[in-house]
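A short worksheet on the structure shown next.
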Amino acid sequence: MANDNKLQSIIGHCKEYGFIFQSSEIYDGLSAVYDYGQYGAELKKNIREYWWRSMTQMQDNIVGIDAAIFMHPTVWKASGHVDNFSDPMIDNKDSQKRYRVDHLIEAFGETLDKEKEAALLLVMNQLLEANDFAGLKQLIEDNKISCGVSGTCNWTDVRQFNLMFSTEMGSVADEANVVYLRPETAQGIFVNFLNVQKSGRMKIPFGIAQTGKAFRNEIVARGFIFRMREFEQMEMQFFVRPGTQKEWYEYWKETRMKWHLSLGISADKYKFHDHMKLAHYADMACDIEYDFPMGFKEVEGVHSRTDFDLKQHQQYSGKKLTYFDTEINQHYVPYVIETSIGLDRAVMMVLSEAYVEEDLSTEEKQDSRVVLKFPPMLAPIKLAVLPLTKKDGLPEIAKALIDECKTQFRCFYEEKDSIGKRYRRMDALGTPFCITVDHQTKEDQTVTIRYRDSMLQERIALADVKRLVLEKVQMFGN
RNA sequence: GCGGGAGUAGCUCAGCUGGUAGAGCGACAGCCUUCCAAGCUGUAGGUCGCGGGUUCGAAUCUCGUCUCCCGCUCCA
């Protein structure tokens, strides 16, 4: 319950302080679509940047690309999304339970003997292939398949939910011009596999990374920015020699977990969730789950995708997508290990982790603050410079310091209200460092630096500010 | 999609046995010149989510709709 309140508080805080707004709010909003505000955009950009540099700059054998959202429609036939990304569903009217039709029938099949089960599944698959929804409903009714909750056979019609958005390309809106908004970014990498490998003279094992928007027409999209219809993925496809996928899968599981821990988040907030039921392309798969305010939920997936995708594209395009491995003198279609993290989920994770309501009450008075304890490298604003008063030349000194620092990192200037109030405002935005310029600054060129998390203050030389902050906000220290 | 809850100022909410809106905080301007919010003065800001109905009159009653939250469901 307290966690429900925490999610509410975070959502409210995000809106009030310019991190995340609902899309089209003045028109009542658009369901499950959100906009990033002035600070949210900075935060998101910083997380993306940290991921990008971790996965490209810091790696010897991974390069980044930026593929288009639109792709040839056949891509999605080859990937299996046209056929598998839409699930026929049926509801039981009495229990209000919804089932995927294939799951419902398969579960019933397991109660039959082997022969009958096989016959049932054969019929089901034929009907699924033909998109014969009436036939599927008939099949359910003929077999008197009942709802596990209500026990009745009072079913709605079978309905289709296609999770891909589509639109038309070109001026003529006919069937031939339908294009999809990509439901995942991965295919942009697979179709460019040879382009990158050849032009970059890449040798296996190597990886291709990219970040970008993807779109899914979720039936129910909820949980703030956890499940949105338009979202951003950050993913990397690592191409390996067939047979070595197991070791690389383990390698990337571990490497990606280290990345998460490098955000300063403790290990007990994470767990791996191995997939028992694998997607059609995978031979091993797991999720990295983070303990969100609403419980452990997937933030990242690590999948061993085998050679499924490249083989499919090879088949559908008629183009060879093989690699010649000079070490073993062999042509082969590489196997792929995928790491795929939702950027918006990462934002939500970082926000959940950072958001703290602190009770600062003393015997004399009640006091509290809301503080976002972002890792400094991710904070939207790195440094606030605050003149203690707005006269006696203090603002001039403060502004000169800002001018000195703003080429390197985001700064914020504020002279209104009491110094304590300004500190608290910066806490609410997650600014890790505040510099206060006072009268003593004019005497000895020192200022007060105040730390967000500890609220401690110390006197440092004005000339050292830029270097000190730069050291603390860099992404990769020594 | 089903069930439950909610929508009034930037935020938290009051007003809801019908008579066209208030508080606290916040914001802005000024005073104070203060090293951890809540000192003083002043100002701005709301067709009460949207649409229809009942009524002389609707924030209030009623119907519809949109959005958000929770649970179920779903989730490559």
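Just so it is clear: chains get the letters A, B, ... in the order the sequence lines come, proteins before strands, and each one is counted from 1.
For Lys15(A), whose side chain is taken as the heavy atoms from C-beta onward, the closest listed nucleotide among C35(B), G10(B), A37(B) is G10(B). Picking from U67(B), C70(B), C36(B) the nucleotide with the shortest atom distance to the side chain of Leu7(A) gives C70(B). Nearest nucleotide to the side chain of Lys391(A), out of A37(B), U34(B), U33(B): U33(B). Listed nucleotides: C35(B), U33(B), C11(B). Nearest to the side chain of Glu16(A): C11(B). Listed nucleotides A76(B), A29(B), U34(B) differ in distance to Arg216(A); the shortest reach to its side chain belongs to A76(B). Among the nucleotides C69(B), U34(B), G26(B), the one closest to any side-chain atom of Lys421(A) is G26(B). In the set A37(B), C69(B), G10(B), the nucleotide with an atom closest to the side chain of Tyr34(A) is C69(B). For Lys390(A), whose side chain is taken as the heavy atoms from C-beta onward, the closest listed nucleotide among C36(B), U33(B), C69(B) is U33(B).
Atom NE2 of His13(A) and atom P of G26(B) are 16 Å apart (whole Å). Summarising the geometry, the separation between CG on Leu360(A) and C1' on A37(B) is reported as 10 Å, rounded to the nearest angstrom. If you measure from atom CD of Glu300(A) to atom C1' of A76(B), you get 15 Å, rounded to the nearest angstrom. Whole-Å rounding puts the Leu388(A) CG to C36(B) P distance at 10 Å. For the pair Tyr180(A) OH and A76(B) P, the interatomic distance rounds to 18 Å; values are reported in whole Å. Nucleotide A38(B) holds its P atom 11 Å from the CZ atom of Arg425(A), rounded to whole Å. Atom CG in Asp417(A) sits roughly 12 Å away from atom P in G30(B) (whole-Å rounding). Distance Lys416(A) NZ to C32(B) P: 14 Å, rounded to the nearest Å.
Side-chain nitrogen and oxygen atoms of Gln22(A) include at least one within less than 4.0 Å of the OP1 or OP2 phosphate oxygen of C68(B). The phosphate of C35(B) (OP1 or OP2) has no side-chain N or O of Ser418(A) nearer than 4.0 angstrom.
For the P atoms, the distance linking C56(B) with G15(B) amounts to 28 Å, nearest Å. To the nearest whole angstrom, the two C1' atoms, one in U62(B) and one in G10(B), are 32 Å apart. Comparing C16(B) with A21(B), their C1' atoms are spaced 12 Å from each other, to the whole Å. Using C1' as the reference atom, G5(B) and G51(B) are 23 Å apart when rounded to the nearest Å. As rounded to the nearest Å, C13(B) and U8(B) have C1' atoms that lie 9 Å from one another. On the C1' atoms, C28(B) is 47 Å away from G1(B), given to the nearest whole Å. Look at the C1' atom in both C66(B) and C25(B): the space between them is 30 Å, to the nearest Å. If you take atom P in C72(B) and the same atom in C36(B), they sit 47 Å apart, rounded to whole Å.
Checked by distance alone, Arg369(A) brings no side-chain donor or acceptor within 3.5 Å of a matching partner on the base of C36(B). Looking at Arg450(A), its side chain has no donor and acceptor atom pair within 3.5 Å of the base of C35(B).
Heavy-atom minimum distance, Phe409(A) versus Lys466(A): CE2-O, 4.1 Å. Of all the heavy atoms in Ala384(A) and Thr431(A), the pair that sits closest is N-CG2, 3.8 Å. When all heavy atoms of Ile65(A) and Gln210(A) are compared, the closest pair comes out as O-CB, 3.0 Å.
Looking at heavy-atom distances under 4.0 Å, Asp438(A) makes contact with a base. Residue contacts shown for Arg305(A) are absent, as no nucleic acid heavy atom lies under 4.0 Å away. Residue contacts shown for Thr436(A) include a base, since a base heavy atom lies under 4.0 Å away. Counting any heavy atom pair closer than 4.0 Å across all strands shown, Ala214(A) reaches no nucleic acid atom. Using a 4.0 Å heavy-atom criterion, one finds that Ile419(A) contacts the sugar-phosphate atoms exclusively.
Residues Ser31(A) and Ser368(A) each lie close to RNA chain B; by heavy-atom proximity, the contact nearer the 5' end of the strand is made by Ser368(A). In terms of position along RNA chain B, the nucleotide closest to Gly12(A) lies nearer the 5' end than the nucleotide closest to the other residue of the pair Glu184(A) and Gly12(A).
If you check C68(B) for Watson-Crick or wobble pairing at under 3.5 angstrom, you find it paired to G5(B). Using N1 to N3 plus N6-O4 or O6-N4 for Watson-Crick, or N1-O2 and O6-N3 for G-U wobble, each under 3.5 Å, U55(B) pairs with nothing. For A23(B), the paired nucleotide is U12(B), the pair qualifying as Watson-Crick or G-U wobble because both relevant distances are below 3.5 Å.
Residues Tyr290(A) and Glu300(A) have side chains that never bring a donor and an acceptor to within less than 3.5 angstrom of each other. Under the 3.5 Å distance criterion, with hydrogens and angles disregarded, a donor-acceptor pair is assigned to the side chains of Gln457(A) and Tyr423(A).
Between Arg425(A) and Asp417(A) there is a salt bridge, since a side-chain N of the basic residue sits under 4.0 Å from a carboxylate O of the acidic one.
Ring geometry for Tyr34(A) versus Phe224(A): interplanar angle over 60°, hence perpendicular rather than tilted (30 to 60°).
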Checklist entry - Do Gln233(A) and Thr185(A) pass the side-chain hydrogen bond (donor to acceptor under 3.5 Å, both in side chains) test, and can you show the C-alpha distance, the side-chain angles, and the key distance before you say yes or no? => result CA-CA 7 Å; Gln233(A) 291 185 313; Thr185(A) 52; 3.1 Å; yes
